[in-house]
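When a ligand or atom number is given, it counts from 1 through the structure's own listing order.
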Amino acid sequence: MIVATPAARAGIHCLAVPTPFAIGPINAYLIEGRPLTLVDNGPNCATSLAALEAMLAELGHRVEDLELLILTHDHLEHFGLTSTLVARSGADVACLASIADGVEDFDGWWAEVDAYIATLLARHGAPRPLVAAYRPSADLVRGFGAAARVTRRLRDGERLDLGERDVEILHRPGHSEGDIVVLEREHRILIAGDHLLSRVSSNALVTLGHDRDPEAPRLQALLTYRESLAATRELDVDVVLGGHDGMIENHRELIDERFDLHDKRARRFAELLEDGPTSAHELAVRLWGDTAYGQSYLTLSETLGHLDLLASRGVVDEDDSDRVTRYSLR
Ligand SMILES: [Zn+2]
């Protein structure tokens, strides 16, 4: 479905591409001009491709006409079709330089990520069967991604000449390490990928860093994400186009709501710690119940993020002298 937004008047069209995932469709954005540019595309499956193709046709274009594919980040539901589209169009592929190797070595990179996440779950107190189940369940969805060759490795602040307009690429790590947003200053439009979503608070995922060193200090994804949100809050834009759901016309208010939600949730975790030292997984179970088993990695990421926030405020201490890391009130 092509979603009507004010950005369409500026030649930026929102294409809601269906996915087989619970999150629902992802939004790809077609930017008219030369090169004809598509920001994100969809998971690697026939239904998504057919829908994308039909929407392009409605706008008078074919897959073969695409000249540049920009990837906002390396989550498979947003870029799984890249290599299929390139095979038919010969389009250039652009993403942040630091994630390009992982995009090109999709299977190898995600095998390392999944191994890291299984270790992370164990380290933070997830029971053994849950840890054992993580990798097979992750493998199931990896089929919706595919490696793609990256022909343009982007830097923070880089400008791209898209013929009728310039856009600026801004690095916004947090949801993932390689998130970028695409700023079109003339029409005050920001294409934000999963950095900012209208309906749900983006997960700040704790994962393997792109240096691919599992022994490196753990990412403090929520703290990083909040810095990125603060930077986006400063941008003078009228419309923010997210990677899911509807557009955002009041990004400052929405970002303030997200900050409030983080603060509120951090306070809740501090209350849960009043009973004594606890692992992050146990805290997730106390807050989310069964969801902490069904979505163990997402809930662990959220929990660790808020514990990092409490630690940065001097409220919480981390003790990893034992096999399982425990957190306590200072
Ligand atoms: Zn994502």
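Among the atoms of Asp194, an N, O or S atom is found under 2.8 Å from the Zn ion (ligand 1). For a distance bound of 2.8 Å, the N, O or S atoms of His75 include one lying that close to the Zn ion (ligand 1).
Its side chain within the 4.5 Å cluster rule, Leu229 clusters with Leu170, Val181, Leu183, Leu190, Leu196, Leu222, Leu223, Tyr225, Leu235, Val237, Val240, Ile248, Leu254, Ile255, Phe259, Leu309 among the Ile, Leu, Val, Met, Phe, Trp and Tyr residues.
Judged by distance alone, the side chains of Glu282 and His124 never bring a donor and an acceptor atom under 3.5 Å apart. For the residue pair Arg226 and His262, a side-chain donor N or O sits within less than 3.5 Å of a side-chain acceptor on the partner.
Looking at Asp139 and Arg142, no side-chain N of the basic residue comes within less than 4.0 Å of a carboxylate O on the acidic one, giving no salt bridge.
For the Zn ion (ligand 1), the nearest N, O or S atom contributed by His73 is named NE2.
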